[in-house]
A.B. asks: 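Below is one structure. I have some questions about it.
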Protein chains: 2
Amino acid sequence: MVEEEKIDLKEGKEKFIQAWGALGSNWGVSRTMAQVHALLLISPKALCAEKIMEELKISRGNANMNIRALIDWGLVHKELHPGERKEYFRAEKDMWEVVRNIIIQRKKKELEPMLRVLDEITAVEGVCEQSDEFCKIIKDIKLFSNKADSTLEKLTKSDANWLMGTFFKMI
Amino acid sequence: MVEEEKIDLKEGKEKFIQAWGALGSNWGVSRTMAQVHALLLISPKALCAEKIMEELKISRGNANMNIRALIDWGLVHKELHPGERKEYFRAEKDMWEVVRNIIIQRKKKELEPMLRVLDEITAVEGVCEQSDEFCKIIKDIKLFSNKADSTLEKLTKSDANWLMGTFFKMI
DNA sequence: GCTAAGCTTCAATATTTTTTGGAAGAAGTT
DNA sequence: AACTTCTTCCAAAAAATATTGAAGCTTAGC
């Protein structure tokens, strides 16, 4: 009986890791990185590199690289246990924090560079009819992007509780 | 002088196509697909397959596949010119419509399947301590995902003008 | 300063994703 | 029906990405 439940738990974990991995690959995140994240998300305690390698059957190098990347994204934290040299890793469990970090990072790495490109482009153009048409379209995109930028900025700065309570209900 | 402006226009277009392409590849969209989209976005008039192939230097098959995919996403529309057999393609220019379509598609293809997986998983679990911990984490993720789902649902159903006016200012 | 545990790096390799080009299909014209 | 013009499909090739494994590095403890 207990044995049977344990099999289910294992299956459940497996399923979640697979699903999260698949999700990641549609979002420009490597499957493995998303799986490491999933594994840590559903692990109540911090795991060491060895354990992650073993669970996901990946090499040391691979594990290391993906863990670093997750730390860079602010989705995973390093944890040191007194008297041990090994590093342990623990995922941020608060889903709003997770999404918030992702928004912050992607805004910085993608939206902001795009805004700069749009600025450059608008600056350059200006006389013939074709230029005007192009310029008009770019201005439109710029306007939208700026709105998106400031909305995201405010979103990430707002308090999680307020957000979940007031804001989500309101729409 | 006019010649010089034309060069700038060309450069501007080039830059935009490159930037949009790079953006796409961080979002699980192939670079070429994003470039086709960019090219159509900044083109005041609809373009035929030939023109797209020529501008982006891609093969017929590649152009075709990516155009179809963009149509599936609802980002590009087919346009037939009376008396011509060729098909022309025109991008949706309203950025809110663009984003709206993307949200609708990704919600359907990613968020909803994930919700189903989360349901399956919660159903299975239940006795030992480990199961309980796992279950608790999954429930948390499910709660958040459901909230995200209904928020996106409402977002995509709301009117663009109201959204841009009231909502964005409010936060 | 030496050793050993553990972390990092990176060139080689494997895998996945994209692209191509051509053959087959569809549809309008003579 | 044969011809033309364009679209679609798909297997092979190319390109891009991810993964491995082992060498090298770092640091704590002796």
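Just so it is clear, the values below take in all heavy atoms, side chains as well, and ignore hydrogens, waters and symmetry mates. Here is how names work: the chains are called A, B, and so on, in the same order as the sequence lines, proteins then strands, and each is numbered from 1.
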A.B. asks: Check B/Lys107 with B/Asp149, please: is the shortest side-chain N to carboxylate O separation under 4.0 Å?
C.D. replies: yes
A.B. asks: Take B/Arg68 and B/Glu87 through the test salt bridge (Lys or Arg N to Asp or Glu O under 4.0 Å) and record every step on the way to the result.
C.D. replies: CA-CA 12 Å; B/Arg68 292 313 124 188; B/Glu87 296 175 336; 3.3 Å; yes
A.B. asks: Regarding B/Glu50, tell me which of base, sugar-phosphate or nothing describes its non-hydrogen contacts under 4.0 Å with the strands shown.
C.D. replies: nothing
A.B. asks: How are the rings of B/Phe144 and A/Trp96 set relative to one another: parallel (under 30°), tilted (30 to 60°) or perpendicular (over 60°)?
C.D. replies: tilted
A.B. asks: Please check if any side-chain donor atom of A/Lys142 sits under 3.5 Å from a side-chain acceptor atom of A/Thr122, or the reverse.
C.D. replies: yes
A.B. asks: Taking OH from A/Tyr88 and C1' from C/dA5, how many angstroms apart are they, rounded to a whole number?
C.D. replies: 13 Å
A.B. asks: Taking CD1 from A/Ile67 and C1' from C/dT8, how many angstroms apart are they, rounded to a whole number?
C.D. replies: 12 Å
A.B. asks: Kindly list each side-chain donor-acceptor pair under 3.5 angstrom involving residues 13-22 of chain B, sequence neighbours excluded, with atom names and distances?
C.D. replies:
{"from": "B/Lys15", "atom 1": "NZ", "to": "A/Glu120", "atom 2": "OE1", "distance (Å)": "2.6"}
{"from": "B/Gln18", "atom 1": "OE1", "to": "B/Gln35", "atom 2": "NE2", "distance (Å)": "3.4"}
{"from": "B/Trp20", "atom 1": "NE1", "to": "B/His37", "atom 2": "ND1", "distance (Å)": "3.1"}

A.B. asks: Does a donor on one side chain sit under 3.5 Å from an acceptor on the other, for A/Arg100 and A/Thr156?
C.D. replies: no
A.B. asks: Got a second to check how far A/His77's NE2 is from A/Ile71's CD1, nearest 0.5 Å?
C.D. replies: 9.0 Å
A.B. asks: Under the criterion side chain to side chain contact (heavy atoms under 4.5 Å, CB included), I'd like the reasoning laid out for A/Arg90 against A/Leu40: C-alpha separation, chi angles, the key distance, then a yes or no.
C.D. replies: CA-CA 6 Å; A/Arg90 168 177 59 76; A/Leu40 291 173; over 6 Å; no
A.B. asks: Output side-chain donor-acceptor pairs under 3.5 Å for residues 42-54 of chain B, partner residues at least two apart or in another chain, one line each.
C.D. replies:
{"from": "B/Ser43", "atom 1": "OG", "to": "B/Lys45", "atom 2": "O", "distance (Å)": "2.5"}
{"from": "B/Glu50", "atom 1": "OE2", "to": "B/Arg60", "atom 2": "NH2", "distance (Å)": "2.6"}
{"from": "B/Lys51", "atom 1": "NZ", "to": "B/Glu55", "atom 2": "OE2", "distance (Å)": "3.4"}

A.B. asks: Encode nucleotides 17-22 of chain C as B, S and - characters from 5' to 3', where the letter depends on protein heavy atoms closer than 4.0 Å: B to the base, S only to sugar-phosphate, - to neither.
C.D. replies: -SBBB-
A.B. asks: Name every residue in residues 68-82 of chain B that has at least one heavy atom under 4.0 Å from any atom of DNA chain C, in order of residue number, or write none if there are no such residues.
C.D. replies: none
A.B. asks: Please list each protein N or O that sits under 3.5 Å from an N or O in nucleotides 26-30 of chain D, with the distance.
C.D. replies:
{"from": "D/dT27", "atom 1": "O2", "to": "A/Arg85", "atom 2": "NH2", "distance (Å)": "3.0"}

A.B. asks: Return no unless some side-chain N or O of B/Asn64 is found under 4.0 Å from OP1 or OP2 of D/dT7.
C.D. replies: no
A.B. asks: In chain order, what residues pass the side-chain contact (heavy atoms from CB on, under 4.5 Å) check against A/Lys109, with sequence neighbours excluded?
C.D. replies: A/Trp73, A/Gln105
